[in-house]
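Down below is the structure, laid out as structure tokens.
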Amino acid sequence: MSVDDNDEISRQIRRITEQLGNKNSRRSLLRQMAGVSLGLPLAYALPLLGQAAGDQKASQQPPSQPHKTPALPPSPSALSPQDDQLLDEIERACFLFFWEQANPQTGLIKDRCNTRTKDTSIVASIASTGFGLTAICIAEKRGYIPRNEARLRVINTLLFIWKKLPTHRGFFYHFANINTGERIWDSEVSSVDTAILLCGILTCRQHFNDRGVNGLSEAIFNRVDWSWLSEDTTLLPMGWTPEFGFLSSKWDYYSELMMIYLLGMGSESHPIDPQAWTAWKRTTFEYDGLRYIGSFAPLFVHQYSQAWFDFRRKKDNYADYFQNSAIATDVHRRFCIELNKIFPDYSNDLWGITASDSDKGYVIWGGPPAMGPIDGTVVPAAAGGSLPFLPDATMRVMRNIRKNYPQAWCRYGFVDAFNPLKKWYDTDVVGIDTGITMLMAENARSAFIWETFMKNPEAQRGMAKAGFKEYQPTAG
């Protein structure tokens with residue numbers, strides 16, 4: 001690729017970030033970037049996107065250099081009663097977002113919400129709605145709301161999704177009008193956001209386990225035509241639009257993609273070929289002597305599929321993905337601590353960088369390797385979404401933020417991001433970040449979502465076709 005090509009791609013990516021502002025989520029940014037990169041490797045394109053979003057120079061970030069003695073892998077740990085109490089407070093607050101920032105008639109939930117003023121936005125996301133349906137199950141189990149109210153909201157949501165929410169081959173548009181369900185922002189029919197919605201629906205089916213919820217859940221899931229998505233390829237496309245057809249970008253590297261492939265293989269009505277599981281690449285990374293499968297992408301890619309699918313004590317022909325995420329989380333913690341030389345707020349008690357808001361807008365950032373305009377911003381969902389993987393390390397962060405950064409707390413839990421060095425605190429919460437924090441907090445406490453979701457025959461079938469088998473991990 002020539003220097004001129006690189007410059008042109010950089011200009012296009014900058015135009016995208018300027019046009020998008022705050023309104024689009026991480027996957028939209030990644031897809032938009034992929035659309036202009038013309039097959040450019042993610043390793044090159046993501047740092048470009050980060051450069052376009054801010055002024056921080058990559059040269060200001062220290063290179064990742066292994067220590068002389070390789071680090072030990074993270075060890076299992078348990079929650080204390082005080083930890084459990086804090087996580088309950090966090091879950092209660094997170095749930096309020098999904099309950100209050102929804103239209104009770106449609107069940108659709110806002111993509112994000114400004115917590116400092118009255119929020120009048122009408123943009124819902126199907127991913128936020130999927131997290132919200134799961135949150136309702138947690139809230140009913142924990143006694144935050146009565147069962148009859150929880151069930152009524154779920155039934156209303158499923159009825160609207162089944163009868164009125166626009167769909168193409170059973171897949172849904174990424175963003176929708178919260179009141180009507182109409183497509184917003186010319187958004188794509190999204191494979192991963194549909195998968196997140198389906199995970200929420202299937203969780204409701206097993207938790208409520210009554211005729212109405214079961215029938216609607218099965219109908220919505222069985223309508224999804226996975227075979228259409230995989231008709232000409234074993235690598236599933238990220239989405240489709242009526243204007244341009246399938247997006248050129250595909251789910252081809254390890255990421256949150258696992259839930260898509262597993263649901264598709266688990267479908268009885270329109271299954272995808274199990275060979276698709278072996279088609280995507282599993283790139284090995286090494287940091288500080290720790291090896292893991294990863295991507296040139298933020299920490300959330302190690303979290304999302306594992307909010308529902310239970311990978312504990314299981315592995316396929318490639319990896320134990322639960323242990324893999326624990327190592328990736330620990331690597332990210334170490335990476336942030338190394339950045340303390342430049343950004344002194346980062347420490348063993350305050351770390352976590354994943355795609356989030358910043359004082360300059362929405363940013364794709366993280367590492368290692370360092371990507372994006374890292375500036376000392378802390379994203380609570382980075383640690384929150386990894387609570388089951390590293391309870392001790394992540395709870396240190398949760399306790400520290402809750403105790404020492406009161407402006408980072410709001411009615412709906414932690415704000416999306418904050419920067420102690422700049423004294424900047426976000427005004428917003430983002431549904432998918434609030435959602436991953438709530439679900440993983442509950443999994444860390446009780447494994448409730450894992451145990452409930454995995455009762456679904458679709459989930460069991462998908463993991464069986466992928467070749468997962470139970471085993472007993474060895475320590476160290």
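On a predicted model such as this, the values are computed, not experimentally measured, just so you know.
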Subject >> Heavy-atom check, side chain of Asp186 versus side chain of Thr241, under 4.5 Å >> reply: no
Subject >> Residue pair Ser227 / Glu231, side-chain donor-acceptor N/O under 3.5 Å >> reply: no
Subject >> Within-4.5 Å side-chain heavy-atom neighbours: Lys314 and Asp320 >> reply: no
Subject >> CZ on Phe296 to CD1 on Ile364, rounded to 0.5 Å >> reply: 16.0 Å
**OP:** Take Ser217 and Leu158 through the side-chain contact (heavy atoms from CB on, under 4.5 Å) test and state the conclusion after the steps.
**Re:** CA-CA 7 Å; Ser217 299; Leu158 297 181; 3.6 Å; yes
Original post:
Run the side-chain contact (heavy atoms from CB on, under 4.5 Å) check on Glu256 and Val192 step by step: do they pass?
Top reply: CA-CA 8 Å; Glu256 70 271 37; Val192 71; 3.7 Å; yes
**OP:** Output the distance between atom CZ (Arg223) and atom OG1 (Thr167), rounded to the nearest 0.5 Å.
**Re:** 5.0 Å
Original post:
Does some side-chain heavy atom of Ser191 sit less than 4.5 Å from a side-chain heavy atom of Leu229?
Top reply: yes
Original post:
Is the shortest heavy-atom distance from the side chain of Phe208 to the side chain of Val154 under 4.5 Å?
Top reply: yes
Subject >> Residues Gln306, Ser325; criterion side chain to side chain donor-acceptor pair (under 3.5 Å); working and verdict >> reply: CA-CA 9 Å; Gln306 301 208 39; Ser325 288; 2.9 Å; yes
Original post:
Could you walk me through whether Glu458 and Arg205 pass the salt bridge (charged side-chain N to carboxylate O under 4.0 Å, His left out) check?
Top reply: CA-CA 12 Å; Glu458 295 84 355; Arg205 178 174 73 172; 2.5 Å; yes
Original post:
From Phe448 CZ over to Leu439 CG, what is the distance, rounded to the nearest 0.5 angstrom?
Top reply: 9.5 Å
**OP:** Determine, using ring centers only, whether Trp226 and Tyr261 are less than 6.0 Å apart.
**Re:** no
**OP:** Evaluate the side chain to side chain donor-acceptor pair (under 3.5 Å) criterion for residues Lys110 and Gln101: first the C-alpha distance (whole Å), next the side-chain angles of each, then the deciding distance (0.1 Å), finally the verdict.
**Re:** CA-CA 6 Å; Lys110 288 182 181 180; Gln101 298 303 319; 3.1 Å; yes
Original post:
Is the shortest heavy-atom distance from the side chain of Asn443 to the side chain of Leu387 under 4.5 Å?
Top reply: no
**OP:** Taking all non-hydrogen atoms of both residues into account, name the closest pair between Ile436 and Gly385 and its distance.
**Re:** CG1-CA, 3.9 Å
**OP:** Using the side chain to side chain donor-acceptor pair (under 3.5 Å) rule, take His302 and Tyr254 through it: C-alpha gap first, then chi angles, then the decisive distance, then the call.
**Re:** CA-CA 9 Å; His302 294 281; Tyr254 169 84; 3.0 Å; yes
**OP:** Could you check if a side-chain atom of Arg112 sits within less than 4.5 angstrom of a side-chain atom of Val429, using non-hydrogen atoms only?
**Re:** no
**OP:** Run the numbers on Arg312 and Tyr321 for side chain to side chain donor-acceptor pair (under 3.5 Å), then give the verdict.
**Re:** CA-CA 8 Å; Arg312 295 173 301 166; Tyr321 296 98; over 6 Å; no
**OP:** Indicate yes or no for a side-chain donor-acceptor contact from Lys465 to the backbone of Pro274 under 3.5 Å, with no hydrogens or angles considered.
**Re:** no
Original post:
Quick one: which of Val379, Ile353, Thr354 gives a side chain to side chain contact (heavy atoms under 4.5 Å, CB included) with Pro298?
Top reply: Thr354
Subject >> Set of residues satisfying salt bridge (charged side-chain N to carboxylate O under 4.0 Å, His left out) with respect to Glu182, sequence neighbours excluded >> reply: none
**OP:** Measure the CD1-CD1 distance between Ile196 and Ile260 for me, rounded to the nearest 0.5 Å.
**Re:** 8.5 Å
Original post:
Under the 3.5 angstrom rule, does the side chain of Ser128 hit a backbone N or O of Gly431 as a donor-acceptor pair?
Top reply: no
**OP:** Check whether any side-chain N or O of Asn324 sits under 3.5 Å from a backbone N or O of Ile293 as a donor-acceptor pair, and report yes or no.
**Re:** yes
Original post:
Looking only at heavy atoms, what is the nearest atom pair of Glu91 and Ala441, with distance?
Top reply: OE2-C, 3.7 Å
Original post:
Do any N or O atoms from the side chain of Ser269 and from the backbone of Asn222 form a donor-acceptor pair under 3.5 angstrom?
Top reply: yes
Original post:
Under 6.0 Å between ring centres, would you say that holds for His270 and Trp228?
Top reply: no
Subject >> Thr134 side chain vs Gly130 backbone, donor-acceptor pair below 3.5 Å >> reply: yes
Subject >> Closest non-hydrogen atom pair, Cys94 against Met438 >> reply: CB-CB, 3.8 Å
**OP:** Would you please indicate yes or no on a ring centroid separation below 6.0 angstrom for Tyr173 and His168?
**Re:** no
Original post:
Is any side-chain heavy atom of Leu133 closer than 4.5 Å to a side-chain heavy atom of Cys204?
Top reply: yes
**OP:** Please confirm whether the backbone N or O of Leu108 pairs with a side-chain atom of Asn103, one donor and one acceptor, at under 3.5 Å?
**Re:** no
**OP:** First locate atom OG1 of Thr203, then atom CD1 of Ile449, and finally report the distance between them rounded to the nearest 0.5 Å.
**Re:** 5.5 Å
**OP:** May I have the step-by-step check of side-chain contact (heavy atoms from CB on, under 4.5 Å) for Asp375 and Trp365, ending in yes or no?
**Re:** CA-CA 10 Å; Asp375 63 355; Trp365 48 13; 3.5 Å; yes
**OP:** Would you confirm whether Asp252, through its side chain, and Leu235, through its main-chain N or O, come within 3.5 Å as a donor-acceptor pair?
**Re:** no
Original post:
Is a side-chain donor or acceptor of Thr194 paired with a backbone partner of Phe172 at a separation under 3.5 angstrom?
Top reply: yes
Original post:
With a cut-off of 6.0 Å (strictly less than), are more than 12 heavy atoms of other residues, nucleotides or ligands near CD of Gln275?
Top reply: no
Original post:
Hey, is Arg151 close enough to Asp210 for a salt bridge, meaning N to O under 4.0 Å?
Top reply: yes
Subject >> Spacing of Asn456 atom CG and Glu218 atom CD [to the nearest 0.5 Å] >> reply: 9.0 Å
**OP:** Describe, in one word, how the ring planes of Trp308 and Phe131 are oriented to each other, choosing from parallel (under 30°), tilted (30 to 60°) and perpendicular (over 60°).
**Re:** tilted
Subject >> Heavy-atom closest contact (Trp351 atom, Thr329 atom, distance) >> reply: CH2-CG2, 3.9 Å
**OP:** Report yes if some heavy atom in the side chain of Phe221 is under 4.5 Å from a heavy atom in the side chain of Ile201; otherwise report no.
**Re:** no
**OP:** Keeping the roles fixed (side chain from Ser230, backbone from Thr233), state whether a donor-acceptor pair exists under 3.5 Å.
**Re:** no
Subject >> Nearest heavy-atom neighbours spanning Ala276 and Thr234 >> reply: CB-O, 3.3 Å
Original post:
Taking the side chain from Ser267 and the backbone from Gly264, do they hold a donor-acceptor pair closer than 3.5 Å?
Top reply: no
Original post:
Near Phe244 CZ, under 6.0 Å, is it more than 12 heavy atoms from other residues, nucleotides or ligands?
Top reply: no
Original post:
Salt bridge between Arg169 and Asp225, side-chain N to carboxylate O under 4.0 Å?
Top reply: yes
Original post:
Excluding sequence neighbours, so at least two apart, what forms salt bridge (charged side-chain N to carboxylate O under 4.0 Å, His left out) with Arg183?
Top reply: Glu243
Subject >> Intermediate values then yes/no, side-chain contact (heavy atoms from CB on, under 4.5 Å), Thr129 and Thr157 >> reply: CA-CA 9 Å; Thr129 303; Thr157 306; 4.2 Å; yes
Original post:
With a 6.0 Å cut-off on ring centres, are Trp277 and Phe468 close enough?
Top reply: yes
Subject >> Ring-ring centroid check Phe311 Phe389, cutoff 6.0 Å >> reply: no
Original post:
Is the shortest distance from a Lys or Arg side-chain nitrogen in Glu470 or Lys315 to a carboxylate oxygen in the other one below 4.0 Å?
Top reply: no
